[in-house]
K.L.:
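I have a structure here, written as structure tokens, and I will follow up with some questions on it.
Reminder, nothing fancy here: chain letters follow the sequence lines and each chain counts from 1.
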2 protein chains.
Amino acid sequence: MKTAVPERVKGVCCPPSIPLSIAKVDACVDVLKALADPTRLQMVGALKRSSQPVCICDFTAAFDLSQPTISHHMAKLRDAGLVEVTKRGIWAYYRLADRLEPRTRALLDVLV
Amino acid sequence: MKTAVPERVKGVCCPPSIPLSIAKVDACVDVLKALADPTRLQMVGALKRSSQPVCICDFTAAFDLSQPTISHHMAKLRDAGLVEVTKRGIWAYYRLADRLEPRTRALLDVLV
DNA sequence: CCGTTCCATTGACAGTTGTCTATGGGTTTG
DNA sequence: CAAACCCATAGACAACTGTCAATGGAACGG
């Protein structure tokens, strides 16, 4: 029964008891921060569902946000390693990163 | 070949072409925001690994943060519906929420 | 070569977030 | 009751974030 609370002794609170998994936490948090925004989450979802790289101008049209804001959000996804860009002529085409970590891939499969 | 970029016509950029899945995005983002912090992510991980509810004083001891800050982080996890509390005497025991949405559960399985 | 188109960067600004100190409330113990 | 203990809330403050307008750079077309 998981809800049966452990016994405690007053004043003996707070031994350093919790095993924390500090490794990879920061990297994980960076990915979560990148995804924790409505615009960026929808961007990633659209890229994941698309069979082709998507021109960023389409995102500029799809969201009610200025072009610099869209560019800014995409830059955050780039910095997090989630997306990659191919420039062709005056256009910039984005896609999900080719070599996502398996955990990150699994995360996207759950999310979008 | 997913990297073959689509053709474009100059000036015809930005048709309203991207199908966005607006539903549930905000709810999803709320969960992601709650998890997108090193302290909170480790808290959730510790709760997930623990077979018993964990006294919040243990978190106060485990992290190099003040007691109100720990309480504040746990409140954020509560507000996001990720954890639940049982009070007993002067102690507050936290655990993962009993009825997490399947998607949220899957998210935690990937993350922690 | 010059204007047009698309994209990224910069700078500014308001709103949110993480942290602390201070305080108060509830529970147990002397 | 009074003191000690644990926890949550309130207030303050610095740091970060999301947004926009303005600017500049690169590529294309006449």
K.L.:
If I take atom CE in residue Met74(A) and atom C1' in nucleotide dT9(C), what distance separates them, rounded to the nearest angstrom?
P.N.:
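Going from Met74(A) (CE) to dT9(C) (C1'), I get 16 Å.
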
K.L.:
Just how far, in rounded Å, is C1' of dC6(C) from CZ of Phe59(A)?
P.N.:
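Going from Phe59(A) (CZ) to dC6(C) (C1'), I get 16 Å.
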
K.L.:
Kindly indicate, with the supporting measurements, whether the criterion disulfide (SG to SG under 2.5 Å) is fulfilled by Cys55(B) and Cys13(A).
P.N.:
CA-CA 9 Å; Cys55(B) 180; Cys13(A) 192; 4.4 Å; no

K.L.:
Of Ala36(B) and Arg78(A), whose closest DNA chain C nucleotide lies nearer the 5' terminus?
P.N.:
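In this pair, the answer is Arg78(A).
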
K.L.:
Name the residue closer to the 5' end of DNA chain C, choosing between Val85(A) and Gln67(B) according to the nucleotide with the nearest heavy atom.
P.N.:
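The residue mapped nearer the 5' terminus is Val85(A).
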
K.L.:
If only side-chain N and O atoms of His72(A) are considered, is one of them under 4.0 Å from the OP1 or OP2 phosphate oxygen of dC20(D)?
P.N.:
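Looking at the OP1 and OP2 atoms of dC20(D), neither is under 4.0 Å from any side-chain N or O of His72(A).
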
K.L.:
Taking only Lys NZ, Arg NE, NH1 and NH2, and the carboxylate oxygens of Asp or Glu, determine whether Lys48(A) and Asp109(A) approach each other closer than 4.0 Å.
P.N.:
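Asp109(A) and Lys48(A): salt-bridged.
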
K.L.:
When you measure from the side chain of Tyr94(A), which nucleotide among dA8(C), dG18(C), dA8(D) comes out closest?
P.N.:
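Closest nucleotide to the Tyr94(A) side chain: dA8(C).
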
K.L.:
To the nearest Å, how far apart are Leu41(A) CG and dG18(D) P?
P.N.:
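Whole-Å distance recorded here is 13 Å.
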
K.L.:
Measure from NZ on Lys33(A) to P on dG18(D) and round the result to the nearest Å.
P.N.:
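In whole Å, dG18(D) P lies 9 Å from Lys33(A) NZ.
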
K.L.:
Expressed in angstrom and rounded to an integer, what is the separation of Asp37(A) atom CG from dT16(C) atom P?
P.N.:
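Going from Asp37(A) (CG) to dT16(C) (P), I get 14 Å.
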
K.L.:
Are OP1 or OP2 of dT19(D) and a side-chain N or O of Thr69(A) less than 4.0 angstrom apart?
P.N.:
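For Thr69(A), the contact criterion (side-chain N or O under 4.0 Å from OP1 or OP2 of dT19(D)) is not met.
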
K.L.:
First locate atom CG of Leu82(B), then atom CZ of Arg95(B), and finally report the distance between them rounded to the nearest 0.5 Å.
P.N.:
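Separation between the atoms: 13.5 Å.
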
K.L.:
Please give, in whole Å, the distance from dT17(C) C1' to Ile70(B) CD1?
P.N.:
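Interatomic distance, CD1 of Ile70(B) to C1' of dT17(C): 15 Å.
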
K.L.:
Protein-nucleotides 1-6 of chain D N/O pairs closer than 3.5 Å?
P.N.:
unit_1, atom_1, unit_2, atom_2, d
dC6(D), O3', Ile90(B), O, 3.2

K.L.:
Any Lys/Arg nitrogen of Lys24(A) or Asp30(A) sitting under 4.0 Å from an Asp/Glu carboxylate oxygen of the other?
P.N.:
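No.
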
K.L.:
Rounded to the nearest 0.5 Å, what separates atom SG in Cys57(B) from atom OH in Tyr93(B)?
P.N.:
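Reported to 0.5 Å precision, the distance equals 7.5 Å.
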
K.L.:
Name the nucleic acid region contacted by Arg40(B), choosing base, sugar-phosphate or nothing; use a 4.0 angstrom heavy-atom cut-off, strictly under.
P.N.:
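Touches sugar-phosphate only.
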
K.L.:
Measure OH/Tyr93(B) against C1'/dC7(D) and give the value in whole Å, please.
P.N.:
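Rounded to the whole Å, the gap is 13 Å.
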
K.L.:
Could you check how far NZ of Lys87(B) sits from P of dT28(C), rounded to whole Å?
P.N.:
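It works out to 13 Å between those atoms.
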
K.L.:
Distance check, rounded to the nearest 0.5 Å: Arg40(B) atom CZ versus Phe63(B) atom CZ?
P.N.:
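CZ of Phe63(B) is found 11.0 Å from CZ of Arg40(B).
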
K.L.:
Which one, dC20(D), dG18(D), dT9(D), comes nearest to the side chain of Lys76(A)?
P.N.:
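Within the option list, the nearest is dG18(D).
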
K.L.:
Once you apply a heavy-atom cut-off of 4.0 Å, does Arg8(A) come out as touching a base, just sugar-phosphate, or nothing?
P.N.:
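Answer is nothing: Arg8(A) stays at 4.0 Å or more from every strand.
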
K.L.:
Looking only at side-chain atoms of Pro68(A), point me to the closest of dT10(C), dT19(D), dG18(C).
P.N.:
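When the side chain of Pro68(A) is considered, dT10(C) is the closest of dT10(C), dT19(D), dG18(C).
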
K.L.:
To the nearest 0.5 Å, what is the distance between CD1 on Ile56(A) and NZ on Lys87(A)?
P.N.:
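Interatomic distance, Ile56(A) CD1 to Lys87(A) NZ, rounded to 0.5 Å: 9.5 Å.
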
